[in-house]
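Since the structure comes first, as structure tokens, the remarks are kept for the end.
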Amino acid sequence: QVQLVESGGGLVQAGGSLRLSCTASGRTFSSLGMGWFRQAPGKEREFVAAIAWAIHSTYYADSVKGRFTISRDNAKNTVYLQMNSLKPEDTAVYYCASAEAGSYYYATNYGAWGQGTQVTVSS
């Protein structure tokens, strides 16, 4: 089983920046890539960004494209999400997940999930 440890969440003012980190351990051999999802109160979980392990292929939701950047360090089994120009609507619990099949845009293609880290953007 893959274990995921997330960090970097917190409170930030609108227009500010945060960087989230997610480190994978355990049986990582089956992981095709890593993704970030988020869930705000009263909302469904939505795709944010993803990256493949093998090549530098990245994917972004339209709502964060141009503001967020996903990156990876294969040697450390770590994925990062740099979040710039944060807006109050970015407030949510952010989840790191390991993809095992299919398109990175869909949560059903992910196996292991982290416990989530809270990101709060004040007005």
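Numbering of residues begins at 1 and proceeds along the displayed sequence. Both backbone and side-chain heavy atoms feed into the values below; hydrogens, waters and symmetry mates do not. Note that this is a predicted model, so its numbers are computed, not measured.
Expressed to the nearest 0.5 Å, how far OG1 of T108 lies from CD of E100 amounts to 9.5 Å. Atom CG of L18 and atom CD of Q82 lie 8.5 Å apart (nearest 0.5 Å). Rounding to the nearest 0.5 Å gives a distance of 8.5 Å between OG of S7 and CZ of R19. A distance of 8.0 Å separates CZ in F68 from CG in L20, rounded to the nearest 0.5 Å.
Looking only at side-chain heavy atoms (C-beta outward), L32 and N109 stay at 4.5 Å or farther from each other.
The heavy-atom pair separating G116 from E6 by the smallest distance is N-OE1, 2.5 Å. Taking every heavy atom of both residues into account, W36 and S21 meet most closely at CH2-O, 3.8 Å. When every heavy atom of A92 is checked against every heavy atom of A40, the shortest pair comes out as CB-N, 3.8 Å. In plain terms, the two heavy atoms of S63 and R67 that are nearest each other are O-NH2, 2.9 Å. Considering all non-hydrogen atoms of both residues, V2 and A112 come closest at O-CB, 3.5 Å. Contact detail for G26 and Q3: the closest heavy-atom pair is CA-OE1, 3.6 Å.
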Yes or no on ring-ring contact (aromatic ring centres under 6.0 Å, His included) for F37 and W113, after CA distance, side-chain angles and deciding distance? CA-CA 10 Å; F37 289 75; W113 292 78; 5.1 Å; yes
Does the pair V119 and M83 meet the rule for a side chain to side chain contact (heavy atoms under 4.5 Å, CB included), with working shown? CA-CA 10 Å; V119 172; M83 304 183 293; 3.9 Å; yes
Stepwise side chain to side chain contact (heavy atoms under 4.5 Å, CB included) test for Q39 and Y95: CA-CA 8 Å; Q39 187 166 23; Y95 298 91; 4.2 Å; yes
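Judged by distance alone, the side chains of T91 and T120 never bring a donor and an acceptor atom under 3.5 Å apart.
Hydrophobic cluster membership is shared by Y110 and Y59, with clusters built from Ile, Leu, Val, Met, Phe, Trp and Tyr side chains linked at under 4.5 angstrom. Y104 and Y94 are assigned to two separate hydrophobic clusters, defined by single-linkage of ILVMFWY side chains at heavy-atom distances under 4.5 Å.
Taking S71 as the reference, Y80 meet the side-chain contact (heavy atoms from CB on, under 4.5 Å) condition, with sequence neighbours excluded.
Atom OH of Y105 has more than 12 heavy atoms from other residues, nucleotides or ligands within 6.0 Å.
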Sequence neighbours left out, cut at 3.5 Å: what donor-acceptor pairs do the side chains of residues 42-56 make with other protein atoms?
from: E46; atom 1: OE2; to: R38; atom 2: NE; distance (Å): 2.8
from: E46; atom 1: OE2; to: R38; atom 2: NH2; distance (Å): 3.3
from: W53; atom 1: NE1; to: S31; atom 2: OG; distance (Å): 2.9

